[in-house]
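Down below is the structure, laid out as structure tokens.
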Amino acid sequence: MTTTTESPAMTSTMRAVVITENGGPDVLTPADIPTPGRQGSEVLIRVVAAGVNPFDVEARKGLAGRCGSPELPAVLGCDFSGVVVESPYAAHPLKPGYEVYGVASVPRSPGAYAEYVSVPALQVARKPKSLSHLEAAGVPLAALTAWGLVVDVAKAHEGQRILIQAGAGGVGHFAVQFAAYFGAHVITTGSPRNASWLRQLGATQVIDHTTHRFESEVSQVDVVINLVDDADVASRSLDVIRPGGLLVHVPVGDMAGLDDSATAAGVRFTDYAMAPDATCLAIIARLLDSGDVSVYVDDVYDLEDVADAHRLLERGHTRGKLVLKIAED
């Protein structure tokens, strides 16, 4: 049985941004496309806001990356905040009318740059009560990635020294907070304009990457979480890790020989790929509602202006997250 809200806005077509070819930001084209139908355990959601992520840029360019490239035409957008329209069955925990946030199944299915998205229930959780939809849309992908890196892989704990490369970005600003929350001594790289803010998030030491080489400022750390898509930064990170320590390399760029270099340096090495998890999203929601963790939204764009958001993200140095406003609350 499908439970459905009565929604006058629910029509057979919806507004979305589509790519029909790979290329620059100008390939992002507003269009009216069929509204998705809910299948199996999926939850149909009216999207209020969607996050903009580096994966969206890679997919738009046609770079396969770790997750693969969507088949064209495609709707991008991995994370969202919105309202449940249809649930898998009447007694389902995510009922029509509930405010939720989560991760879409891009590239296997259309993403959240659209008025509606249908998502497996295991990738959706109740939205943090303290956040607006615009704020909540900046959380899922970045926070789940940061949680996996800091908690599942690095196993952050008191007395541990963790260096987070690029702490001011979407994933980075969550990683700094999670590491500090679990008691680690947090070191991060960032620009001067972000130094004070990063300390407020929990970083003990902020290294100005514009004037200093981090390997001259820090040594003998237990873990480096590298969020910078630069093989040189990844390689130099090996020099600051204690014997037996860990390098976690997140970007999907050139990693040729990095694992061998880590072995030669006596350092453990792994890459990482985020797995959507509603239980973890619920935990993160509680941390956000308690004030132990916060999300920073750098800017908000209308859906039709998503190309401008992509241009800004590609220029780099965005603080926190960029978000698309798709509908009114």
Notebook entry, point to check: Within a strict 4.5 Å, meaning less than it, do heavy atoms of the V293 and I284 side chains meet?
Noted result: no
Next item on the list: Just grab all the side chain to side chain donor-acceptor pair (under 3.5 Å) pairs involving residues 119-128, residues at least two apart or on different chains.
Entry: S105-Q123
Check: Are side-chain heavy atoms of T29 and T20 found at a separation under 4.5 Å?
Finding: no
Item checked: Qualifying side chain to side chain donor-acceptor pair (under 3.5 Å) pairs, either residue in residues 279-291, two or more places apart -> S130-D289, S290-D292
Check: Would you say Q220 has more than 12 foreign heavy atoms packed within less than 6.0 Å of its CD?
Finding: yes
Next item on the list: First locate atom CD of E86, then atom CZ of R38, and finally report the distance between them rounded to the nearest 0.5 Å.
Entry: 6.0 Å
Checklist line | Any side-chain heavy-atom pair of F214 and V233 under 4.5 Å | finding: yes
Checklist line | Short side-chain to backbone donor-acceptor contact, N22 and R60, under 3.5 Å | finding: yes
Check: Crowded around R193 CZ? As in, over 12 foreign heavy atoms under 6.0 Å?
Finding: yes
Item checked: Spacing of N53 atom CG and C78 atom SG [to the nearest 0.5 Å] -> 5.5 Å
Check: Of all residues at least two apart in sequence or in a different chain, which pass the ring-ring contact (aromatic ring centres under 6.0 Å, His included) check with H209?
Finding: none
Notebook entry, point to check: Angle class for the F174/F178 ring planes (parallel below 30°, perpendicular above 60°, tilted otherwise)?
Noted result: parallel
Check: Are R213 and D239 close enough for a salt bridge, meaning some N to O gap below 4.0 Å?
Finding: no
Checklist line | From D32 atom CG to E115 atom CD, the distance as rounded to the nearest 0.5 Å | finding: 8.0 Å
Item checked: Residue H317 excluded, over 12 heavy atoms near NE2 under 6.0 Å -> no
Checklist line | Pairs satisfying side chain to side chain donor-acceptor pair (under 3.5 Å), at least one member in residues 295-307, at least two apart | finding: R15-E304
Next item on the list: Measure the spacing between CE of M14 and OG1 of T35 and express it to the nearest 0.5 Å.
Entry: 5.5 Å
Donor-acceptor contacts under 3.5 Å from residues 131-151 side chains, at least two apart:
from : atom 1 : to   : atom 2 : distance (Å)
S132 : OG     : L134 : N      : 3.4
S132 : OG     : E135 : N      : 3.1
S132 : OG     : E135 : OE1    : 3.4
H133 : ND1    : S81  : OG     : 2.7
H133 : NE2    : E99  : OE2    : 3.2
E135 : OE1    : S132 : N      : 2.9
T145 : OG1    : L141 : O      : 2.7

Margin query: Can you tell me how far apart CD (E217) and CG (L163) are? Round to the nearest 0.5 Å.
Written below: 11.5 Å
Checklist line | Pairwise side-chain contact, L76 with P70, heavy-atom cut-off 4.5 Å (strictly under) | finding: yes
Between side-chain atoms of residues 240-247 and protein atoms elsewhere (two or more places apart, or another chain), which donor-acceptor pairs fall under 3.5 Å?
from : atom 1 : to   : atom 2 : distance (Å)
R242 : NE     : D222 : OD1    : 2.5

